[in-house]
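In this text, all values refer to a predicted model and were calculated from it rather than measured experimentally. Counting convention: from 1, in listed order, for ligands and their atoms alike.
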Amino acid sequence: MPRRRMIYEGKAKILYEGPDPDTIVQFFKDDATAFNAAKKAVIEGKGVLNNRMSEHFMTGLNLIGVPTHFIKRLNMREQLVRKVDVIPLEVVVRNVAAGSMSKRLGIEEGTPLPRPIIEFYYKDDSLNDPMVTEEHAIAFGWASQQDLDEMISLALRVNDFMSGVMYGIGIKLVDFKIEIGRVFEGEFQRLVVADEISPDSCRLWDIETGKKLDKDVFRQDLGDLADVYAELATRLGVMPKKSIAAGPKLVD
Ligand code: UDP
């Protein structure tokens, strides 16, 4: 069988050419990195869980009319997605103060924000992904004003959807990062949610206990990341409960 051509290897995923010129296969690795890859580990099973959870969120977004690049999951570690031109801006949405915003502005972690706050970061590892304003994005040609308006609107819709999904399973969506890409349909351009949506790129806190169910567990050495991701996948209903799989089934 001919080997597929690899297009790009990132920190958590590998991209391969898809079966058609306008598709790509995303392979989810088990690698975890933090602090711009200064901290690294292989977390067995992480790729499988993120593939499944990202499928779950992207499918839901597609269903409610928020366009994404997701087409279908192919197997445990791979999904087929539309090829897009990724806009070189990470879009962060925050509902609660945490992480870099708490540090930068001295706002205590956990402080609810009066409205969702959107930030843009320029995607460049050698610069440590610096925060930028819309002015930079327009002046340097990364995105137009119309793109930025559309990106904000997409990000807020993703925030509403993800907040609701998480609230339904007793979890607070503190913040998250998405990436957005351009697809061309004839002479028209459309923006779609790209990359992945997974606990690697969200902050998720249990509403009752405050337990962290995201990559901060790895960043801050709070426990076993694979266990936490498995708990999240089980609560989302995308992975069978361990106890059910292991033990006898209850019959009504
Ligand atoms: N985030 C991400 N990739 C990045 C930077 C941030 O997925 O390269 C996510 C992060 O997981 C969190 C949100 O974006 O959910 C906001 O991150 P923050 O700016 O607070 O940075 P951090 O404290 O994670 O360095």
Quiz item: So S100 and R94, side chain to side chain donor-acceptor pair (under 3.5 Å) or not? Walk me through it.
Solution: CA-CA 11 Å; S100 70; R94 302 178 184 274; 3.1 Å; yes
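- In this structure, a donor-acceptor pair under 3.5 Å is absent between the side chains of E55 and N51.
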Exercise answer, ligand 1 polar atom pairs (N/O) under 3.5 angstrom:
residue: ligand 1; atom: 8 (O); partner: E90; partner atom: OE1; Å: 3.3
residue: ligand 1; atom: 11 (O); partner: R219; partner atom: NH2; Å: 3.0
residue: ligand 1; atom: 15 (O); partner: D175; partner atom: OD1; Å: 2.6
residue: ligand 1; atom: 15 (O); partner: R203; partner atom: N; Å: 3.4
residue: ligand 1; atom: 19 (O); partner: R94; partner atom: NH2; Å: 2.7
residue: ligand 1; atom: 19 (O); partner: S100; partner atom: OG; Å: 2.6
residue: ligand 1; atom: 20 (O); partner: R94; partner atom: NH1; Å: 3.3
residue: ligand 1; atom: 20 (O); partner: R94; partner atom: NH2; Å: 3.4
residue: ligand 1; atom: 20 (O); partner: S100; partner atom: N; Å: 2.8
residue: ligand 1; atom: 20 (O); partner: S100; partner atom: OG; Å: 3.4
residue: ligand 1; atom: 20 (O); partner: R203; partner atom: NH1; Å: 3.0
residue: ligand 1; atom: 23 (O); partner: S100; partner atom: N; Å: 3.3
residue: ligand 1; atom: 23 (O); partner: R203; partner atom: NH2; Å: 2.8
residue: ligand 1; atom: 24 (O); partner: R203; partner atom: NH2; Å: 3.2

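- Under the salt bridge (Lys or Arg N to Asp or Glu O under 4.0 Å) rule, E78 has a single partner from R73, R4, K13, which is R4.
- Taking CH2 from W205 and CG from D175, the interatomic distance works out to 8.0 Å, rounded to the nearest 0.5 Å.
- The cationic atom of K46 (NZ for Lys, CZ for Arg) does not lie both less than 6.0 Å from the six-membered ring centre of Y229 and within 45° of the ring axis.
- Y122 and W142 have parallel rings, their planes meeting at less than 30° on a 0 to 90° scale where 60° marks the start of perpendicular.
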